[in-house]
Amino acid sequence: MDYMDSGLKYTPKSDKDWDSSVQFLPASDNKKLEKKKGPGKIGAVIGLLIFAAVVALMTGLLVWHFHYRKDVRIKQMYSGSMRITNQGFVEAYEDANSTEFKALAKQVIMQLKVLYSKSPQLAKYYVGSSVQAFSEGSVIAYYLSEFSVPSGQESAVAKAMADIDKLVDKFQRSSFRTGNSLVMEDVTSSAVDERLVSSSFSRFFRYSEHTRINHLGQIQSPGFPNRPYPPNTFIQWQIRADPNSVIKLDFDTMNLEEDCRNDFVKIYDSLVAIERRVVQELCGYYSPSEPLTFLSSGNVMLVTMATNDRLNYPGFRAQISQVPRGSPVLSCGGQLSGDKGTFSSPNFPNYYPPLTRCQWFIKVPAGKAVKVTFKKFLMTEPSEDGSCRKDFVEINGKRICGDKPDRTVTETSGSNSMNVLFVSDASYVDRGFDAEFEAIDSKNPCPQQFQCMNQRCIKADLRCDGWNDCGDMSDELKCKCKSADITCKNGFCKPMFWKCDGVDDCGDGTDEQDCGCKSGQMKCLNDKCVSDKKLCDGRDDCGDGSDELDCGTNRGVSCTDLTYKCNNDQCLSKTNPECDGVVDCEDGSDEQNCDCGRSKFRTSRIVGGQDAEEGEFPWQVSLHVKGYGHVCGATIISPKWLVTAAHCVQDDGKTRFSQPQTWEAHLGLHSQGVAGHSVKRNLKAVISHPNYNDYTFDNDIALMELESPITYSDYIQPICLPAPQHIFPDAHIVWITGWGATREGGFAAKVLQKAQVRIINRSVCNKLMGGQITSRMMCAGVLEGGVDACQGDSGGPLSSPAKNRMFLAGVVSWGDGCARRNKPGIYTVTTKFRGWIKEKTGL
């Protein structure tokens with residue numbers, strides 16, 4: 001196959017045969033214009049003026065009708081397929097230049113024209129059709145039809161095309177149908193994605209592939225991997241497999257522009273771009289460790305690619321092969337029995353095929369009940385409204401769809417058997433589910449535990465403790481609150497230490513009422529209360545300037561500890577303006593040095609427990625003591641500099657942790673002991689903060705200089721350093737990462753772990769931690785426990801998302817145990833040390 005062979009684009013010739021219904025104004029009555037005795041000259045002048053006005057009006061209407069009205073037409077393209085049941089497929093139909101193809105294509109086009117002529121909404125706007133391909137079964141024809149539609153009539157044409165199957169049925173029953181007419185079934189049609197017929201395309205390529213048994217074929221974007229794909233280009237690959245096989249499409253590289261509105265790849269379960277048969281749309285950069293494997297429902301597939309005129313990337317490469325219908329990868333449904341077992345959607349954790357229906361019949365020993373728990377559940381489809389009409393799992397008469405947190409979907413039967421049904425429709429597929437079943441005591445499904453409404457079992461002492469342990473809040477319903485708890489108006493009980501922490505924990509605002517500021521007042525960041533009328537009045541009424549932030553008049557404000565300072569010493573009232581994609585400083589300094597804080601890959605929704613994806617946090621560093629292994633974490637802030645915790649580099653009786661020769665830094669590491677894409681560097685210098693207090697952990701920050709600079713890659717990138725004025729608000733969601741112990745007293749993790757936590761109000765945290773929190777410390781965690789940093793995570797980053805990049809909010813410092821309830825993790829606040837970091841590194 002020559003990838004530079006130009007393919008043909010569809011440009012149907014206009015028949016110019018639609019009716020232009022022109023209506024003329026009625027002729028004037030000459031008798032009414034005859035000269036009569038009357039007003040004389042004045043009347044004649046008035047009459048001439050009226051006549052001139054009528055002529056001008058008629059001229060204007062005719063000009064509008066013939067010129068402007070005629071030109072306001074919209075080109076609409078519809079794609080579709082039809083099954084021709086009175087024809088048999090022959091091999092020559094694969095070749096668009098064969099006599100057989102052309103003959104059948106001509107019949108299809110003629111029949112489409114006749115079909116459209118039966119619809120008043122379609123007949124007068126129809127331009128022409130072309131047949132793009134044929135496939136088996138008996139013969140399936142794939143076509144494109146063009147309509148020239150007056151502005152305002154688009155919806156009428158769309159409705160008529162949506163009902164094309166009804167029109168076909170009526171036509172098939174018609175007594176006027178000739179004997180040699182094609183017999184059509186399963187006729188479908190939908191509007192073509194406008195991006196696929198853009199007038200900006202200057203190049204068109206079209207390729208055809210037929211897979212073979214035990215053979216791995218390949219398709220790729222033009223120029224890959226030696227040069228970027230071309231701009232303003234439309235490409236399509238028509239892929240076929242043998243009968244009784246399906247197509248497997250497996251991308252090993254997908255690197256396109258991030259915005260799908262610009263460059264994208266679109267996959268169809270068809271040989272023409274029918275939106276009702278679209279499998280998936282892809283853009284951006286996917287990690288090679290994330291599977292991108294798709295299966296067709298039949299023996300055909302179409303891959304399309306469209307590019308605009310800017311920002312061209314390396315492109316994609318994919319392997320194509322055919323899979324026999326009896327293959328294990330397509331196995332689906334069946335009988336399951338025993339005390340426990342597992343089952344999953346076809347092709348999991350890859351994408352399941354469209355038009356799939358599986359049913360599992362589960363049976364456990366007599367006297368027991370069946371409990372099914374979905375360990376993973378990822379079944380989301382665009383435009384799904386929650387009614388689960390498209391892709392779904394049906395269990396106990398209940399349909400389930402969408403994305404669900406791990407192990408939160410659980411169903412229990414009332415007997416020793418259960419049926420589970422999985423259905424996918426013709427468009428858009430997802431990764432599916434992974435489930436387990438087990439036999440339980442039907443009379444006591446949760447022995448010595450509490451059974452949630454969603455069938456989960458939790459410890460009995462977690463009932464009515466203020467935490468959503470069930471996941472559906474059922475363990476917190478109908479509770480009598482303790483005197484030490486907040487009694488929310490909606491009936492929930494919440495721990496008292498959450499009162500007035502700036503977060504609506506009750507859900508109805510109860511815990512944030514009567515918190516010091518009266519009605520008509522605002523609370524400053526320093527907890528002072530001022531009148532709402534003083535907000536944005538140009539004066540610092542709070543004392544910390546927080547009442548004058550984000551007031552619209554961004555530039556030229558007085559400089560305070562909270563305002564952002566540009567390089568030209570101009571101050572901004574906008575909160576966190578750095579690297580937000582908007583130039584706010586006159587000198588543009590707020591958008592300088594912003595190539596940071598971004599993973600090169602799209603983040604996967606499959607979190608795999610809490611394993612991070614490879615390359616998801618490319619600024620994470622593993623610090624090894626030579627000859628020993630991982631001890632602490634660190635963060636990349638430049639090609640030469642790392643940030644870590646000061647307590648990681650304090651000497652003890654055996655090891656001189658303060659000396660650079662003790663350490664080696666592993667950058668780009670994902671799994672301990674597996675080099676992969678990682679790079680190892682020795683250290684040139686270790687600089688601990690001079691005011692570090694090893695008793696209180698105050699000023700717990702240190703810098704490390706690498707012996708030689710690193711080269712950034714997909715797996716090695718710096719995080720963004722926040723400005724000194726950067727605000728990380730209470731309840732803001734942040735990420736902790738590291739290879740530390742997965743539980744208190746446990747062993748270190750082999751694969752990089754990640755967890756979402758939230759920033760906790762400082763005063764609340766200070767109460768929880770016995771008054772040990774200084775202004776240079778930040779608290780973050782999930783107070784119900786179970787998520788926290790731990791031994792071995794020290795020195796690693798607290799990554800704060802802001803739009804599409806991450807900032808270094810803090811450095812893992814200390815805590816009271818690991819993941820204990822009401823004991824958050826404590827982090828060194830990096831904004832407090834920006835001056836020191838700049839002094840030592842120049843950053």
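Using a cutoff of 4.0 Å between basic side-chain nitrogens and carboxylate oxygens, K266 and E275 are scored as salt-bridged. Classification of R83 and D186 as a salt-bridged pair holds, one side-chain N sitting under 4.0 Å from a carboxylate O.
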Could you please spell out the steps behind the side chain to side chain donor-acceptor pair (under 3.5 Å) verdict for S130 and Q132?
-> CA-CA 6 Å; S130 71; Q132 300 291 292; 2.9 Å; yes
Evaluate the criterion side chain to side chain donor-acceptor pair (under 3.5 Å) for residue pair T304 and Y268; output intermediate values, then yes/no.
-> CA-CA 8 Å; T304 63; Y268 295 87; 4.8 Å; no
Full working for side-chain contact (heavy atoms from CB on, under 4.5 Å) between L122 and F147 = CA-CA 8 Å; L122 302 178; F147 297 85; 4.0 Å; yes
Intermediate values then yes/no, side-chain contact (heavy atoms from CB on, under 4.5 Å), I320 and E209 | CA-CA 9 Å; I320 55 173; E209 300 281 348; 3.9 Å; yes
Residues Q218, Q220; criterion side chain to side chain donor-acceptor pair (under 3.5 Å); working and verdict | CA-CA 7 Å; Q218 183 172 285; Q220 61 190 39; 2.9 Å; yes
Let me see the working for D242 and N299 under side-chain contact (heavy atoms from CB on, under 4.5 Å), right down to the final yes or no.
-> CA-CA 6 Å; D242 295 336; N299 69 328; over 6 Å; no
Could you walk me through whether N396 and E411 pass side chain to side chain donor-acceptor pair (under 3.5 Å), step by step?
-> CA-CA 7 Å; N396 283 345; E411 291 292 332; 3.2 Å; yes
Mind running side-chain contact (heavy atoms from CB on, under 4.5 Å) on L282 and F294 for me, showing each step along the way?
-> CA-CA 12 Å; L282 302 170; F294 302 90; 4.1 Å; yes
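How far CG of D163 is from CD of Q121: 9.5 Å, rounded to the nearest 0.5 Å. Rounding to the nearest 0.5 angstrom, the gap separating the CG atom in N312 from the CG atom in D263 is 6.0 Å. Put simply, CE on M301 and CD1 on I239 are 6.5 Å apart, with the number rounded to the nearest 0.5 Å. Rounding to the nearest 0.5 Å places CG of D391 at 4.5 Å from CD of E381. Atom NZ of K102 sits about 12.0 Å away from atom CD1 of I109, to the nearest 0.5 Å. For the atom pair S79 OG and R277 CZ, the distance stands at 11.0 Å (nearest 0.5 Å).
Closest non-hydrogen pair, L256 versus C283, comes out as CB-CA, 4.2 Å. Minimum heavy-atom separation, I74 to S151: CD1-CA, 4.1 Å. Of all the heavy atoms in I400 and I395, the pair that sits closest is CD1-CG2, 3.7 Å. Nearest heavy atoms, V139 versus G88: CG2-C, 3.5 Å. Shortest non-hydrogen contact noted between P405 and T408 is O-OG1, 2.7 Å. Pairing each heavy atom of L196 with each of A273, the nearest pair is CD1-CB, 3.6 Å.
The number of heavy-atom neighbours closer than 6.0 Å to CD of E281, taken from other residues, nucleotides and ligands shown, is above 12.
Judged by distance alone, with hydrogens and angles left aside, the side-chain atoms of N262 form no donor-acceptor pair with the main-chain N or O of N308 at under 3.5 Å. With hydrogens and angles disregarded, a donor-acceptor distance shorter than 3.5 Å links the side chain of Q111 to the backbone of L182. Between the side chain of D309 and the main chain of P231, no donor-acceptor pair closer than 3.5 Å is present. In terms of modelled atom types and a separation under 3.5 Å, the side chain of S424 and the main chain of P353 share a donor-acceptor contact. Judged purely by atom type and a 3.5 angstrom limit, S119 has no side-chain atom pairing as donor or acceptor with the backbone of Y116. At least one donor-acceptor pair under 3.5 Å links the side chain of R73 to the backbone N or O of S148. One N or O on the side chain of T307 and one on the backbone of P230 form a donor-acceptor pair closer than 3.5 Å. Judged by distance alone, the side chain of Q107 and the main-chain N or O of A105 form no donor-acceptor pair under 3.5 Å. Not a single donor-acceptor pair under 3.5 Å links the side chain of S345 to the backbone N or O of F348. Not one N or O on the side chain of E146 forms a donor-acceptor pair closer than 3.5 Å with the backbone of V127.
Geometrically, R399 engages F392 in a cation-pi contact, judged by NZ or CZ lying under 6.0 Å from the ring centre and within 45° of the ring axis. Note that R195 lies in the cation-pi zone of F264, set by a 6.0 Å cut-off to the ring centre and a 45° limit from the axis.
When side chains are defined from C-beta on, R431 counts as touching P291, because their heavy atoms get closer than 4.5 Å. Put simply, the side chain of V420 reaches to within 4.5 Å of the side chain of V393, judged on heavy atoms. N347 places none of its side-chain heavy atoms less than 4.5 Å from the side chain of L330. For the pair M82 and T188, the minimum side-chain heavy-atom distance is 4.5 Å or more. Between Y207 and Q238, the closest side-chain pair of non-hydrogen atoms is not below 4.5 Å. A 4.5 Å side-chain heavy-atom check between L355 and D425 finds every atom pair outside the cut-off. Looking at V323 and V329, their side chains come closer than 4.5 Å, going by heavy atoms from C-beta outward. Annotation: side chain of Y285 is not in contact with side chain of M254 (no heavy-atom distance under 4.5 Å).
With 3.5 Å as the limit, one finds no donor-acceptor pair spanning the side chains of D250 and Q319. Looking only at atom types and distance, the side chain of S202 has no donor-acceptor partner in the side chain of N232 under 3.5 Å away. For the residue pair S190/Y78, the side-chain donor-acceptor check at 3.5 Å is not satisfied.
Proximity of the aromatic rings of F134 and Y93 is defined here by a centroid distance below 6.0 angstrom, and this criterion is met. Checked against the 6.0 Å centroid criterion, the rings of F224 and F316 do not qualify as a close aromatic pair. Checked against the 6.0 Å centroid threshold, F433 and W360 count as a close aromatic pair. Taking the ring centroids of Y352 and F422, they lie under the 6.0 Å cut-off.
Partners of F377 under the ring-ring contact (aromatic ring centres under 6.0 Å, His included) rule, at least two apart in sequence or in another chain, are F374. Not a single side-chain hydrogen bond (donor to acceptor under 3.5 Å, both in side chains) links Y428 to another residue, sequence neighbours left out.
The list of salt bridge (charged side-chain N to carboxylate O under 4.0 Å, His left out) pairs with a residue in residues 87-96, not counting sequence neighbours, reads E94-R240.
Aromatic ring orientation, F204 versus F201: perpendicular (interplanar angle above 60°, classes split at 30° and 60°).
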